[in-house]
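Data block below; observations after.
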Amino acid sequence: MPPNPKKALSIVEPAATVDPGRSTVIRIAGLSKRFLTARGEFEALRGIDLAIGEGEFVCLLGASGCGKTTLLRILAGLDRHTDGVAEIRAAQLGQPLTSVVFQEHSIFPWMTVWDNVAYGLRARKLDKAFVRERVDFFVHKVGLASFARALPHQLSGGMKQRVSIARAFANDPEILLMDEPFSALDEQNRAILQEELLRIWSDTRKTVVFITHSIDEAVFLADRVVVLGGPPGHVVMDARVTFARPRNAYELRALPEFGALVADFGAHIKAGVNGRR
Amino acid sequence: MADDDRNRATSDADGLVRLPADPDIGQSARRRARLEKVLGILSPLLILVLWEIVVRAGLLDARIVPAPSMILETFKSLIESGELARHVGVSLTRVFVGLLLGAMPGLVVGTLMGLSPMTRAIVSQIVASLYPIPKIAIFPLVMAIFGIGELSKYVLVAIAVFFFMAINSFAGVANVERIYWDVGRSFGVSRFRAILTIALPGALPMILAGLRLSLGVSLLVLVGAEFVGAKSGIGYLVWNSWQVFDVESMYAGIIVIGLLGWAFFAMLDELERRLVPWAPSNRR
């Protein structure tokens with residue numbers, strides 16, 4: 001069994017349930033995923049229970065191979081679970097349930113920045129004027145207005161991920177799913193994009209499920225961190241991070257609580273890996 | 001320039017090995033590039049000059065290998081009489097009509113193979129076994145079915161082109177990165193839209209490579225067909241000239257085939273630059 005979260009840290013509270021003030025937008029109960037591989041049956045996820053409230057910024061944290069991407073793909077509708085329940089609340093019929101920001105190389109190299117951002121909206125055959133206004137807004141919002149007509153190969157890695165983020169936000173889904181969107185970036189770019197993401201998110205207050213293997217990133221971004229262990233993937237720890245927003249990257253990281261929290265999550269991840277391998 | 005002798009260099013009294021500086025900031029590389037360009041033009045000219053000398057010196061039988069200057073004379077008269085233009089026009093029509101007839105179905109079948117594993121399972125063995133048959137070998141059959149007129153040439157070119165386009169567009173579509181399909185699915189796009197916005201643009205570099213191969217092979221097949229089953233066209237010009245021992249005209253015909261192939265490649269280069277600006281070789 002992994003150790004209990006340190007009670008002494010007031011910023012960490014067990015968060016097995018959704019805040020009383022929030023309505024549930026994702027409900028996962030007893031979810032498992034198995035599939036056949038060349039070496040036989042593989043259990044990727046086992047008995048996941050998770051409820052996520054509206055507007056929460058949740059980071060799924062875990063070592064590679066613990067099934068966090070599998071869980072995200074199930075929420076995105078790209079994979080199906082084998083057992084259990086996964087539900088997403090639809091506020092409005094016709095509105096997309098999820099949009100995904102993938103790791104990297106996910107923007108289409110044959111489309112301009114603008115066309116990439118418009119992709120989801122055009123697929124929904126929305127009114128042209130509406131699409132134009134919305135795409136212009138988000139292209140501007142991620143600071144790529146002067147690159148709207150550029151092709152992706154003319155952009156840096158950080159700019160490409162901005163396109164991917166704009167594409168997902170522009171689609172206006174119930175939930176934003178992000179699969180290690182900054183993992184391929186250098187540290188300076190990552191820090192800049194993390195702050196930008198928080199800025200855009202604070203304007204829209206979308207529910208975000210953000211996958212990362214960086215503890216630092218999870219603690220900086222999240223309202224709540226869910227640590228997965230495995231394989232098979234299971235929830236090792238579920239805790240709230242209550243640092244005030246807006247968060248400043250350097251001030252926050254200078255706090256002793258920040259370091260303590262990072263160390264604590266690290267210990268849980270290690271326990272989650274050791275327990276199964 | 002890297003100094004290969006750094007490990008054998010002698011040190012001064014301090015035991016310090018001095019690393020050599022290089023004032024060349026890229027001038028020599030630029031000079032070399034210019035030289036390469038000049039050599040690329042000079043080398044074919046040099047061969048022509050050598051050829052001329054060897055023939056004039058009587059080292060080669062001018063009845064079988066005429067000198068370039070003699071071929072040039074014939075070339076001029078073929079152009080002036082309009083005969084060359086007629087043959088080239090006939091052959092080009094056959095190439096482009098055949099290309100159109102073969103490329104479209106090839107693209108459709110190849111794309112379907114790339115999209116659907118079921119189609120692939122059904123079609124791929126058939127394609128794999130028909131593709132290596134030399135298309136000129138079935139020309140008698142094609143003539144028997146489609147007659148000795150133009151149609152049989154169109155069909156033969158179309159058959160040859162079909163396989164190149166099918167195989168290349170299949171490879172192109174099948175190798176579109178999985179993440180692009182995931183993006184499409186995550187945005188809930190329709191199958192038709194996914195083909196238009198993901199499969200075809202993703203496969204476009206391979207499709208254009210298929211078109212390039214197709215143009216080459218259609219010349220190859222057509223010249224063969226015109227040898228035996230035509231009364232016009234560039235292949236007919238070559239074969240007929242040989243039959244009447246008009247060797248200079250034969251050479252003129254061969255050179256024109258080479259020039260056509262070169263022109264096709266230049267065309268495809270330009271097409272690729274325009275249609276696939278994101279391909280690594282076209283980036284600027």
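Just so you know, these numbers use all the heavy atoms, side chains as well, and skip hydrogens, waters and symmetry mates. Predicted model, so just to flag it, every value in this text is computed and none were measured.
By the 4.5 Å heavy-atom criterion applied to side chains, B:Pro277 and A:Leu151 are counted as neighbours.
Here side chain to side chain donor-acceptor pair (under 3.5 Å) pairs that include residues 202-212 of chain A, with residues two or more places apart or in two chains, are A:Lys141-A:Asp203, A:Asp172-A:Lys206, A:Thr212-A:Glu217.
The stretch residues 187-217 of chain B places B:Phe187, B:Val189, B:Arg193, B:Thr197, B:Ile198, B:Pro201, B:Gly202 near chain A, each with some heavy atom under 4.5 Å from a heavy atom of that chain.
For A:Ile107, the part sitting under 4.5 Å from any heavy atom of chain B is the backbone (N, CA, C, O) and nothing else. For A:Arg73, the part sitting under 4.5 Å from any heavy atom of chain B is the side chain, from C-beta outward, and nothing else. Contact annotation for A:Pro96: neither backbone nor side-chain heavy atoms come within less than 4.5 Å of a heavy atom of chain B.
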* **CA sep, side-chain torsions, deciding dist, call: B:Val183, A:Arg167, side chain to side chain contact (heavy atoms under 4.5 Å, CB included)** => CA-CA 10 Å; B:Val183 171; A:Arg167 179 171 70 182; 3.6 Å; yes
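Between the CG atom of A:Leu97 and the OG atom of B:Ser186 there is a distance of 12.0 Å, given to the nearest 0.5 Å. Going from atom CG of B:Asp182 over to atom CG of A:Asp79 covers 8.0 Å, rounded to the nearest 0.5 Å.
Around atom CD of A:Glu187, no more than 12 heavy atoms belonging to other residues, nucleotides or ligands sit under 6.0 Å away. Surrounding CD of A:Glu41 are more than 12 heavy atoms belonging to other residues, nucleotides or ligands, all under 6.0 Å away.
Looking at every heavy atom in both residues, A:Pro109 comes nearest to B:Trp278 through O-CB, 3.3 Å.
A:Trp110 and B:Tyr180 have perpendicular rings, their planes meeting at more than 60° on a 0 to 90° scale where under 30° would count as parallel.
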